[in-house]
Amino acid sequence: MAVGIFDSGLGGLTVLDAIQRRLPDLPLVYYGDNAHAPYGVRTPDDIYRLTTAGVQVLFDRGCDLVVLACNTAAAAALRRMQEGWVPPGKRVLGVFVPLIEALTERQWGDNSPPREVAAKHVALFATPATVASRAFQRELAFRAIGVDVEAQACAGVVDAIEEGDLILAEALVRSHVEALLRKMPRPDAAVLGCTHYPLVASAFREALGPDVRLFGQADLVAQSLADYLARRPQFVGGGAGTVYLTSGNPRQVSDRAVQFLRRPISFDPA
Ligand code: DGL
């Protein structure tokens with residue numbers, strides 16, 4: 001029943017929104033673990049514990065396929081989950097690979113050796129835990145050579161977004177971009193490596209200037225999910241519409257979701 005979408009909080013809604021636009025008839029269950037956000041300042045063990053608990057909620061709701069719409073969870077927990085935790089018949093997908101395939105100009109399933117690509121200087125903006133994991137650099141190294149990655153841990157941005165304080169979030173984005181540009185003055189591509197960041201994409205765009213190619217994940221993940229379901233239609237599931245669940249305060253989370261997506265969204269307790 002339904003495809004599950006998991007995030008630590010509101011950021012996964014950027015991915016959900018793109019999936020709904022691409023696959024309007026796909027039944028979905030969204031679960032935001034807002035009570036425990038942000039994940040990006042937690043230890044890998046803590047993130048693993050919270051992520052497995054969150055994905056279990058979606059399995060218990062009948063989802064056979066869950067998208068981790070959270071880089072922090074994907075970076076810190078996904079491999080460990082896939083190696084020993086995900087039960088037979090269930091699947092958990094991350095958000096890194098579609099992004100890195102786009103950055104390295106690869107089609108799905110192209111496992112040829114790493115090669116030179118157009119992007120040479122890549123700025124990565126992500127949470128402290130994602131940056132510390134080096135998961136992005138590891139996945140990139142499988143596919144590309146000669147790419148210089150400079151990562152900026154964007155402390156505070158997710159907290160500000162979860163609080164609904166976009167003024168603070170945008171001010172923090174500007175200071176993180178300035179810090180990155182001091183280390184790498186001329187990036188040719190920038191990756192928004194946290195699903196919360198598209199909610200302040202215009203601040204990244206303005207601070208980086210028009211010449212930097214900006215890569216977000218929402219549309220790429222939606223496209224990759226559409227391809228995945230075309231190959232494995234048994235994971236589409238039944239049901240209708242979208243169910244929104246949170247571990248936080250449903251009213252407050254619904255208000256923020258409406259503020260960000262500008263359409264009626266109502267969360268229920270998980
Ligand atoms: N949206 C999550 C991500 O993509 C945010 C993590 C957090 O809660 O800090 O990394």
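We count ligands from 1, going down the list as the structure has it; atoms in each ligand are counted the same way. Numbers here are sequence positions counted from 1.
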**Study point:** Distance-only donor-acceptor check, side chains T130 and N71, under 3.5 Å
**Key:** no
Practice item. Answer with yes or no whether the side chains of S112 and D110 bring together a donor and an acceptor at under 3.5 Å. Key: yes
Exercise for review: Using the side chain to side chain donor-acceptor pair (under 3.5 Å) rule, collect all pairs that involve residues 261-270, keeping only residues at least two apart or in two chains.
Suggested key: D17-R263, Q20-R263
Point to revise | F59: partners by ring-ring contact (aromatic ring centres under 6.0 Å, His included), with sequence neighbours left out | key: W85
Would you tabulate the polar-atom pairs, meaning N/O of ligand 1 against N/O of the protein, with distances under 3.5 Å, reported to 0.1 Å?
residue, atom, partner, partner atom, Å
ligand 1, 1 (N), D7, OD1, 3.0
ligand 1, 1 (N), T195, OG1, 2.7
ligand 1, 1 (N), H196, ND1, 2.8
ligand 1, 4 (O), N71, N, 2.8
ligand 1, 4 (O), N71, ND2, 3.1
ligand 1, 4 (O), T195, N, 2.8
ligand 1, 4 (O), T195, OG1, 3.3
ligand 1, 8 (O), S8, OG, 2.6
ligand 1, 8 (O), Y39, N, 2.7
ligand 1, 9 (O), Y39, N, 3.2
ligand 1, 9 (O), G40, N, 2.8
ligand 1, 10 (O), N71, N, 3.4
ligand 1, 10 (O), T72, N, 3.1
ligand 1, 10 (O), T72, OG1, 2.6

Exercise for review: Determine whether V95 and L26 fall in the same hydrophobic cluster, where Ile, Leu, Val, Met, Phe, Trp and Tyr are linked whenever their side-chain heavy atoms lie under 4.5 Å apart.
Suggested key: yes
Check your understanding: Got a sec, which hydrophobics cluster with I100, joining ILVMFWY side chains under 4.5 Å apart, including via others?
Key -> F96, L99, L103, V117, V122, L124, F136, L140, V147, V149, V191, F215, L220
